[in-house]
Student: 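One structure, pasted below without further comment.
Every value quoted in this text rests on a predicted model; they were computed, and no experiment measured them.
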Amino acid sequence: MAPISLLSLLIAGLAAVATARNSTTRNCKDLKVPLSISALNANLKLQAPGTEIDVTNFILNLAQPGMNYTGELISKNSSQFINVSGNYSIAATYCEPASGPGSILQVLTHGIAFDRTYWDFPAQHHNYSYVNAALARNYSTFAFDRLGIGQSSHGDPVREIQTALEIAALTALTSMLRASQVPGIHANYSKIVHVGHSYGSVQTFALTAAHPSGMSDGIALTGFSLEIGNFVPYFLLGGNFVPARKASATLAGYPAGYLASADITAAQVNFFAPGDFDPVILKAAFESGEPVAVGELLTLGDAIAGNNTFGGPVLVITGERDIPFCGGNCAASEPSIPAQTNQSFTNAKPFEAVVVPGTGHGLNLEYSAQKTYATILDFFDANVKS
């Protein structure tokens with residue numbers, strides 16, 4: 001047998017990647033989007049936790065019932081907020097149907113423990129791909145790594161990588177997309193909708209609360225409710241968090257203050273419902289997991305406080321067994337915990353809430369994923385395309 005050269009292997013590998021990303025049904029490209037943004041971040045008096053003991057103490061303090069750990073850290077400073085600004089780079093993937101740009105662009109914001117591949121998960125031959133489902137319905141997609149995560153710019157995990165600055169990034173990206181100013185995207189879109197997952201849904205909520213008109217034509221909040229304050233301690237304690245650089249060799253470049261789950265059991269507890277997942281997908285999700293900055297954990301709650309006067313279509317879709325937003329049982333009340341979100345959306349037309357039976361927090365990666373995709377796309381088809 002003739003020897004196989006390294007060059008031949010590289011060519012074959014690149015061809016395989018190209019086939020997965022650009023086929024008869026899709027055309028995708030990776031982008032780097034420069035942003036210049038600023039925000040009023042919380043002035044947190046906290047040394048970034050760098051050891052496993054430090055991280056555990058941080059989690060126990062943040063999860064303590066009846067206490068406001070963020071408020072304690074802010075109160076130690078004379079000024080509650082600091083202005084943070086800078087030039088950043090956002091890594092994104094833009095996809096459109098092979099036939100050309102879709103009729104509407106979807107902006108996809110991932111949650112904690114993931115990067116933008118959550119929306120187009122490569123394991124199991126992309127069978128868990130919301131992007132593919134959207135393209136098949138003639139939508140285009142723009143998925144990006146949140147600021148501070150993945151291939152996007154990283155930053156100080158205490159003072160810089162906080163919810164306010166990430167919302168500023170989402171706002172700037174949306175404005176650029178609406179103005180057709182994102183390098184590498186040549187299509188013009190008159191309608192843009194937003195889909196978030198978990199912390200990405202928190203940011204999508206905040207985006208439309210701050211800009212109830214002119215920014216989004218419809219939103220789908222997945223893995224979401226307004227009860228995160230009551231249930232996020234379950235997520236924190238179930239996550240078995242350690243310094244990110246000690247959790248995985250792939251996260252070794254993250255400094256103190258970035259946290260990640262130490263084992264696959266933590267990923268299962270927080271994202272996968274009993275009997276609703278492929279163990280191969282669980283393993284892939286854990287091995288490709290991304291960290292969370294302590295500044296994000298300390299500031300995510302305030303982003304969904306108060307009413308949201310957004311007047312467009314709103315869908316909330318959450319798994320029945322969701323841990324951080326429902327405590328493991330979204331159907332524990334009537335109306336359901338996700339359905340109670342309508343109390344904040346005073347002007348939404350329409351508002352719909354769906355609880356996916358037997359599904360956990362990681363909706364895109366469970367056996368019920370195709371049902372979740374179809375529910376979101378049916379909602380946009382009926383209320384935004386028409």
Student: Search all heavy atoms of A266 against all heavy atoms of G239 and return the closest pair with its distance.
Tutor: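 Closest approach of A266 to G239: CB-O, 3.2 Å.
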Student: Transitively linked via ILVMFWY side-chain contacts under 4.5 Å: L177 with L108?
Tutor: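 No, separate clusters.
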Student: Which of parallel (below 30°), tilted (30 to 60°) and perpendicular (above 60°) describes H197 and Y118?
Tutor: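 Rings of H197 and Y118: parallel, as their planes differ by under 30°.
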Student: Is a side-chain donor or acceptor of D322 paired with a backbone partner of T318 at a separation under 3.5 angstrom?
Tutor: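 The answer is no, because no donor-acceptor pair under 3.5 Å joins these two groups.
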Student: Can you name the nearest heavy-atom pair linking Y373 to S129, along with the distance?
Tutor: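 That closest heavy-atom pairing would be OH-N, 3.4 Å.
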Student: May I ask whether V316 and L207 are part of the same hydrophobic cluster, defined by side-chain heavy atoms of I, L, V, M, F, W, Y residues being less than 4.5 angstrom apart, directly or through others?
Tutor: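 In one cluster with V316: L207, no.
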Student: Mind checking whether Y258 and V292 have side chains closer than 4.5 Å, heavy atoms only?
Tutor: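 SC-SC contact between Y258 and V292 ruled out.
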Student: If you take the centroid of each ring, where Trp contributes its six-membered ring, are H154 and Y254 closer together than 6.0 Å?
Tutor: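 Under 6.0 Å, so yes.
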Student: Does E320 use its side chain to pair, donor to acceptor, with the backbone of G358 at less than 3.5 Å?
Tutor: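 Yes, because the side chain of E320 sits within donor-acceptor range (under 3.5 Å) of the backbone of G358.
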Student: Are the aromatic rings of F205 and F345 close, with centres under 6.0 Å apart?
Tutor: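 Yes, the ring of F205 comes within the 6.0 Å limit of the ring of F345, centre to centre.
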Student: Can you tell if the side chain of I192 reaches within under 4.5 Å of the side chain of V107, non-hydrogen atoms only?
Tutor: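 Touching, per the 4.5 Å side-chain cut-off.
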Student: Answer whether the closest heavy-atom distance between the side chains of S180 and I185 falls below 4.5 Å.
Tutor: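 No, side chains not in contact.
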Student: Please examine the side chains of Y88 and L165, heavy atoms only from C-beta on, and report whether any two atoms are closer than 4.5 Å.
Tutor: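 Side-chain contact under 4.5 Å: yes.
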Student: Tell me whether D120 contacts the main-chain N or O of T117 through its side chain, where contact means a donor paired with an acceptor under 3.5 Å.
Tutor: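 Flag not set: sc D120 to bb T117 has no pair under 3.5 Å.
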Student: Has K385 got its NZ or CZ under 6.0 Å from the middle of the six-membered ring of Y139, at an angle within 45 degrees of the ring axis?
Tutor: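 Yes - K385 lies over the ring of Y139, closer than 6.0 Å to its centre and within 45° of its axis.
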Student: Where do V202 and F224 land on the side chain to side chain contact (heavy atoms under 4.5 Å, CB included) test, with the steps shown first?
Tutor: CA-CA 8 Å; V202 169; F224 182 80; 4.1 Å; yes
Student: Check whether E296 reaches the backbone of A293 with its side chain - one donor and one acceptor, N or O, closer than 3.5 Å.
Tutor: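 Side chain of E296 to backbone of A293, a donor-acceptor pair under 3.5 Å: yes, one is there.
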Student: Is K32 reaching over with its side chain to a backbone N or O of Q151, donor-acceptor style, under 3.5 angstrom?
Tutor: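 Such a contact is found between K32 side chain and Q151 backbone.
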Student: Using the salt bridge (charged side-chain N to carboxylate O under 4.0 Å, His left out) criterion, which residues pair with D217? Sequence neighbours excluded.
Tutor: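 By the salt bridge (charged side-chain N to carboxylate O under 4.0 Å, His left out) rule, D217 matches R178.
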Student: Under 3.5 Å, is there a donor-acceptor pair between the side chain of N43 and the main chain of S79?
Tutor: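 Yes, because the side chain of N43 sits within donor-acceptor range (under 3.5 Å) of the backbone of S79.
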Student: F114 and F271: ring-ring contact (aromatic ring centres under 6.0 Å, His included), yes or no, with the steps?
Tutor: CA-CA 11 Å; F114 297 99; F271 294 101; 5.1 Å; yes
Student: State, to 0.1 Å, how close S225 and I304 come at their nearest heavy-atom pair, and which atoms those are.
Tutor: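 Heavy-atom minimum between the residues: O-CD1, 4.1 Å.
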Student: Are any side-chain N or O atoms of S89 and backbone N or O atoms of S152, one a donor and one an acceptor, separated by less than 3.5 Å?
Tutor: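 Side chain of S89 to backbone of S152: no pair is present.
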Student: Begin from the C-alpha positions of D54 and T51 and carry the test side chain to side chain donor-acceptor pair (under 3.5 Å) through to its verdict.
Tutor: CA-CA 5 Å; D54 292 338; T51 69; 3.1 Å; yes
Student: When rounded to the nearest 0.5 angstrom, what is the spacing between NE2 in H361 and CZ in F235?
Tutor: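 Rounded to the nearest 0.5 Å, the NE2-CZ separation comes to 6.0 Å.
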Student: Could you grab the distance from atom OH of Y234 to atom CZ of F325, nearest 0.5 Å is fine?
Tutor: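 That separation rounds to 14.5 Å.
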Student: With the threshold set at 4.0 Å, does a side-chain nitrogen-carboxylate oxygen contact exist between E287 and K283?
Tutor: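 Salt bridge between E287 and K283, a charged N being under 4.0 Å from a carboxylate O: yes.
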Student: Test of understanding: clusters of I, L, V, M, F, W, Y form through side-chain heavy atoms closer than 4.5 Å, transitively. Do L226 and F231 belong to the same one?
Tutor: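 The answer is no; the residues belong to distinct hydrophobic clusters.
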Student: Where do M176 and P183 come nearest, in terms of heavy atoms and distance?
Tutor: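 Scanning both residues completely, I find the closest heavy atoms to be CE-CD, 4.5 Å.
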Student: List the steps, then state whether ring-ring contact (aromatic ring centres under 6.0 Å, His included) holds for F277 with F272.
Tutor: CA-CA 7 Å; F277 65 92; F272 294 87; 5.4 Å; yes
Student: I would like to know whether T163 and T299 meet side chain to side chain donor-acceptor pair (under 3.5 Å); could you show each step before the answer?
Tutor: CA-CA 6 Å; T163 303; T299 59; 2.9 Å; yes
Student: I need the K246 NZ to L259 CG distance, nearest 0.5 Å.
Tutor: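 K246 atom NZ to L259 atom CG measures 12.0 Å (nearest 0.5 Å).
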Student: Does CD in E72 sit with more than 12 non-hydrogen atoms of other residues, nucleotides or ligands closer than 6.0 Å?
Tutor: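 Yes, the 6.0 Å shell around CD holds more than 12 heavy atoms from other groups.
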Student: Verify, without hydrogens or angle tests, whether S198 (side chain) and G200 (backbone) share a donor-acceptor contact under 3.5 angstrom.
Tutor: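 Flag not set: sc S198 to bb G200 has no pair under 3.5 Å.
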Student: Is there a side-chain contact between L31 and F144 in this structure, where contact means two heavy atoms from C-beta onward sitting under 4.5 Å apart?
Tutor: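 Heavy-atom side-chain distance check fails, nothing below 4.5 Å.
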Student: Sequence neighbours excluded, which residues qualify as ring-ring contact (aromatic ring centres under 6.0 Å, His included) partners of Y199?
Tutor: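 With sequence neighbours excluded, Y199 shows a ring-ring contact (aromatic ring centres under 6.0 Å, His included) to no residue whatsoever.
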Student: I would like to know whether F58 and F241 meet side chain to side chain contact (heavy atoms under 4.5 Å, CB included); could you show each step before the answer?
Tutor: CA-CA 10 Å; F58 170 80; F241 287 102; over 6 Å; no
Student: Would you say the side-chain atoms of T341 pair up with the backbone N or O of P338, donor to acceptor, closer than 3.5 Å?
Tutor: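 Indeed, once roles are kept as given, a pair shorter than 3.5 Å links the two residues.
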Student: Would you kindly confirm whether L377 and V356 end up in one hydrophobic cluster when ILVMFWY residues are joined by side chain heavy atoms under 4.5 Å apart?
Tutor: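 In one cluster with L377: V356, yes.
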Student: Assess the residue pair T93 and C28 against the criterion (side chain to side chain contact (heavy atoms under 4.5 Å, CB included)); give the C-alpha distance rounded to whole Å, side-chain angles, the decisive distance to 0.1 Å, and a yes or no.
Tutor: CA-CA 7 Å; T93 300; C28 298; 4.3 Å; yes
Student: Same cluster or not: L147 versus L44, using hydrophobic residues (I, L, V, M, F, W, Y) connected whenever any side-chain heavy atoms lie under 4.5 Å apart?
Tutor: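 Each belongs to a different hydrophobic cluster.
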Student: To the nearest 0.5 Å, what is the distance between CD (E352) and CG (D378)?
Tutor: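 Taking CD in E352 and CG in D378, the distance rounds to 10.0 Å.
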Student: Any side-chain heavy atom of H194 sitting closer than 4.5 Å to one from L221?
Tutor: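 In short, these two side chains do not touch, never coming nearer than 4.5 Å.
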Student: How close do T372 and I317 get, heavy atom to heavy atom, and via which atoms?
Tutor: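 Nearest pair, atom of T372 first, then I317: CG2-CD1, 3.9 Å.
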Student: For the side chain of T222 and the backbone of G196, is there at least one donor-acceptor N/O pair under 3.5 Å apart?
Tutor: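 Indeed, once roles are kept as given, a pair shorter than 3.5 Å links the two residues.
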Student: Does Y130 reach the side chain of I376, with side-chain heavy atoms less than 4.5 Å apart?
Tutor: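 Side-chain contact under 4.5 Å: yes.
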Student: What about Y94 and F142, are their ring centers closer than 6.0 Å?
Tutor: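 No - the distance between ring centres of Y94 and F142 does not fall below the 6.0 Å cut-off.
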Student: Test side chain to side chain donor-acceptor pair (under 3.5 Å) on S368 and D276; report intermediate values, then the result.
Tutor: CA-CA 7 Å; S368 52; D276 195 42; 3.1 Å; yes
Student: Check this for me: Q124, atom CD, are more than 12 non-hydrogen atoms of other residues, nucleotides or ligands nearer than 6.0 Å?
Tutor: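 Result for CD/Q124: enclosed.
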Student: Run T208 and N308 through side chain to side chain donor-acceptor pair (under 3.5 Å) and show every step you take.
Tutor: CA-CA 7 Å; T208 53; N308 186 325; 3.0 Å; yes
Student: Just verifying a value: how many Å separate L62 CG and T70 OG1, rounded to the nearest 0.5 Å?
Tutor: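 Rounded to the nearest 0.5 Å, the CG-OG1 separation comes to 6.0 Å.
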Student: Side-chain contact test, heavy atoms from C-beta onward, threshold under 4.5 Å: evaluate it for S216 versus K191 and give yes or no.
Tutor: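 No; the side chains remain at least 4.5 Å from each other.
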Student: Nearest 0.5 angstrom please: F380 CZ to I219 CD1, how far?
Tutor: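 It comes to 8.0 Å.
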Student: Could you check R116, R146, Q203 and say which one makes a side-chain hydrogen bond (donor to acceptor under 3.5 Å, both in side chains) with H110?
Tutor: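 The passing option is R146.
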Student: Give the minimum heavy-atom separation between P97 and G102, together with the two atoms involved.
Tutor: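 Closest approach of P97 to G102: CD-N, 3.7 Å.
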